[in-house]
S.K.: 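Sharing a structure, written as structure tokens. Questions coming.
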Protein chains: 2
Amino acid sequence: MNKKTTIYDIAKELNITTSTVSRALSGFSAISDTTRQAVIETAKKLNYSPNRLASALKSGKTYIIGVIVPSVQAHFFASIIHSIEEGLKNSGYRVILYQSNEFVENEINGVKTLLEAQVDGIIASISLETEDVSHFAEVIKQNKPLLLFDREHADLKVPTVTLDDFKAGYIATRHLIDQGYRNIAFITTVHQIKVFNDRLNGYKAALKDNNLAVIADNIILGGLSIKDGRFGASKLMRNDIKPDAIIAGDDFTALGVIKKLKEINETPPKIGVIGFANEAFSAYITPDLSTIDQHPNQMGIECAKLFLKMIQQENPYQNVDHIVLEPSLIVRESTSNNAPS
Amino acid sequence: MNKKTTIYDIAKELNITTSTVSRALSGFSAISDTTRQAVIETAKKLNYSPNRLASALKSGKTYIIGVIVPSVQAHFFASIIHSIEEGLKNSGYRVILYQSNEFVENEINGVKTLLEAQVDGIIASISLETEDVSHFAEVIKQNKPLLLFDREHADLKVPTVTLDDFKAGYIATRHLIDQGYRNIAFITTVHQIKVFNDRLNGYKAALKDNNLAVIADNIILGGLSIKDGRFGASKLMRNDIKPDAIIAGDDFTALGVIKKLKEINETPPKIGVIGFANEAFSAYITPDLSTIDQHPNQMGIECAKLFLKMIQQENPYQNVDHIVLEPSLIVRESTSNNAPS
DNA sequence: TTGAAAGCGCTAACAC
DNA sequence: GTGTTAGCGCTTTCAA
């Protein structure tokens, strides 16, 4: 393994100094065309590859940004990461990934680790467990951009990219009402995350606006998963007054609900079911699933754009933008009630 | 924004030198307990956070490894990344992500970028487009671990973690034969990627072993996607002798096949359909989809383990391991033929 | 336009 | 057990 060539090697070869080489390579400083050409040629000849680390140490900019998400395994987050990476690539930024797996402890560690790696900023979606967010304070203190998406937190006064989740909950509910359903249940997580609270509030508002009662027994606070969906559905169907429609916190949960309903011969749309996220499978299950599209790719693109804006400012927090995307209702069989409304 | 504290600040505070501080913090060198304690306390007091960059520049180790995948949006790759990150986390390694989006050009750029970032090694799965792999040579030349998973390449003599794809193709085909299907078609990608070739060869071998002819018209070389599945299925169903079963290159393609077959009233298992990857949705579509599980999480874990092994060796390539995982057949409705075999 | 020189924060011989 | 010292590869004043 031969030693890697550095700007020093190039300088020696051309009998100039490293500063000149550095200038020639960086491209913007005042330098003669001939020197620049010579340097570039020699660099190529010697198979030179810059050491971004050294440059970063000196300049204080790594062009690496940290992304913290609960898990890449969720399609929603995977799509966002995909778009963030795409949107940042052309500006020279790379993405270092950290998964919290929904544990605060991992999240705390993630912030610490990323900061030690000297990332230029952090884009994050907080874990379900996260209540105290003081571990993010250091990012702000270092004047580095911190951007939250989807799952934000009231204590963190930073720019955000989110969905209008109140509206998401509202239109899901109103759609069911429009379809003639009258006793609508809601399965969501126990965790006090804004996203989920907003949806629940949207649900309640839609009920009220349509003179329907909000019934405590119709709201299941548990987890979000296929299993939780099955569980929630069984529980609901044991209510004195059974619901005629169920809103599930995400498409996976909705899947579990459908599974259960099919087993007990209440196959949707007999009982209406709608989810959130428009997962890849949602269009292909039977009955196919009505859902709310959360536009993850658009969200990722907005994150990238907003991040670039922040990082170009002297003070990234000089104006704290909150980008809110519109949810879209996707109607499929699982809510296609034929009953007169 | 106050200046970040460095080991120099700690040293000054305690009237010792930076080397002592460095030693105390790294924890292993000979140093008195009192000094160590004092340093650690002061570090905490001053809210010290190490600059890994400086350490990396000096030591040549960044503890960052690059992972190149076609796209995180595919659940298969997302799961692998998830496991790689998990498996490496405890050893202090972080993952920097690069997506090729199935383009060689991006892949070339990825290797270059990651090398410039001084990653300690690269774990990659090559793009569909990739034929020439010389862009990976530099990684090996720098004596850094290069590990390929799933999609490997004959020209790259590096350790690999793959599935026994020949077997995967074989057992998928044999399963269909066992179910009584006799005229089995195969939809796969045109690209010459080992994974897919192996599966095709497994398919052919299984046919031969069962005295069934390999019919050219039954093999569709195109793309892999829901759309390609629909397209492939229509094409196959226009053959003079229509197939009675279709093996699709992945679950998404299988989804498209099923969609098409349902439309023309040949709903599986009337015509058998099997896919590859066991995507999250596969168990929930109707009919639910038989498939081959490729154990992405196990694959990620093996990648992490093998990588750690490589990096601990003086010469990472002193023995070139090839870990091959066993595919598992998952039987569901889409191949549950009732016809006598 | 180019060179000299200092230094980013840390590590690691080598000396004592 | 601790200090001295040099330097990782690059950028960036300051001076020429």
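Any value given below was found using the heavy atoms of this structure, including those in side chains, with hydrogens, waters and symmetry copies removed. Chain A is the first sequence line, chain B the second, and so forth, proteins listed ahead of strands; every chain is numbered from 1.
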S.K.: Which pair of non-hydrogen atoms, one from B:L57 and one from A:L53, has the smallest distance, and what is that distance?
M.R.: N-CD2, 3.9 Å
S.K.: Under 4.0 Å, heavy atom to any atom of DNA chain C: which of residues 6-14 of chain B qualify?
M.R.: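 Output list: B:T6, B:I7.
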S.K.: Keeping B:Y93 on the side-chain end and B:A304 on the backbone end, is there a donor-acceptor pair under 3.5 Å?
M.R.: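 Between the backbone of B:A304 and the side chain of B:Y93 there is no qualifying donor-acceptor contact (under 3.5 Å).
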S.K.: Rounded to whole angstrom units, what separation is found between the CG atom of B:N15 and the C1' atom of D:dG1?
M.R.: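 The distance from CG of B:N15 to C1' of D:dG1 comes to 17 Å, rounded to the nearest Å.
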S.K.: Ignoring backbone atoms, establish whether A:T20 has a side-chain N or O less than 4.0 Å from OP1 or OP2 of C:dG3.
M.R.: yes
S.K.: Using salt bridge (Lys or Arg N to Asp or Glu O under 4.0 Å), reason through B:K144 and B:E138 one step at a time and then give a plain yes or no.
M.R.: CA-CA 9 Å; B:K144 289 181 172 173; B:E138 184 63 24; over 6 Å; no
S.K.: In whole angstrom, give the distance that lies between atom CD of A:Q118 and atom P of C:dC8.
M.R.: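 Those two atoms, CD and P, are 14 Å apart.
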S.K.: Taking only heavy atoms on the protein side, list every residue of residues 34-63 of chain B lying under 4.0 Å from any atom of DNA chain C, sorted numerically.
M.R.: B:Y48, B:P50, B:N51, B:A54, B:S55, B:K58
S.K.: I want to verify a distance call: between C:dT11, D:dT11, C:dT2, whose nearest atom is closest to the A:I31 side chain?
M.R.: C:dT2
S.K.: Can you tell me the distance, in whole Å, between the CD1 atom of B:I16 and the P atom of C:dC16?
M.R.: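 One finds 21 Å between P of C:dC16 and CD1 of B:I16, rounded.
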S.K.: Is a donor from one side chain sitting under 3.5 angstrom from an acceptor on the other, for B:N297 and B:S79?
M.R.: no
S.K.: Roughly how far, to the nearest 0.5 Å, is the CD1 atom of B:I301 from the CG atom of B:L325?
M.R.: 10.0 Å
S.K.: Is it the case that the side chain of A:T130 and the backbone of A:I126 share a donor-acceptor pair, with hydrogens and angles ignored and the cut-off at 3.5 Å?
M.R.: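 Pair absent, no side-chain N/O of A:T130 close to backbone of A:I126.
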S.K.: Passes salt bridge (Lys or Arg N to Asp or Glu O under 4.0 Å), B:D321 versus B:K309? Steps please.
M.R.: CA-CA 10 Å; B:D321 297 337; B:K309 185 182 161 196; 2.6 Å; yes
S.K.: Between B:R23 (CZ) and C:dA12 (P), how many Å, whole number?
M.R.: 10 Å
S.K.: Just call it for A:S22: base, sugar-phosphate, or nothing, with non-hydrogen atoms closer than 4.0 Å on any strand.
M.R.: base
S.K.: Quick one: does NZ or CZ of B:K12 land under 6.0 Å from the six-membered ring centre of B:Y8, within 45 degrees of the ring axis?
M.R.: no
S.K.: B:Y98 ring centre to A:K89 NZ or CZ under 6.0 Å, with the angle to the axis within 45°?
M.R.: yes
S.K.: Taking only side-chain nitrogens and oxygens of B:T17, does any of them come within less than 4.0 Å of OP1 or OP2 of D:dT4?
M.R.: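 Looking at the OP1 and OP2 atoms of D:dT4, neither is under 4.0 Å from any side-chain N or O of B:T17.
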S.K.: Do A:D150 and A:M299 have side-chain heavy atoms sitting under 4.5 Å apart?
M.R.: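 SC-SC contact between A:D150 and A:M299 confirmed.
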S.K.: Would one find a side-chain N or O of B:S19 under 4.0 angstrom from OP1 or OP2 of D:dT4?
M.R.: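 Indeed not, no polar side-chain atom of B:S19 lies that close.
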S.K.: Tell me the bend of the helix from C:dT1-D:dA16 to C:dC16-D:dG1 as the angle between end helix axes, each from five pairs, rounded to the nearest 10 degrees.
M.R.: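 The end axes of the helix from C:dT1-D:dA16 to C:dC16-D:dG1 are about 30° apart, to the nearest 10°.
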S.K.: Mind checking whether B:K194 and B:R151 have side chains closer than 4.5 Å, heavy atoms only?
M.R.: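 B:K194 vs B:R151: side chains apart.
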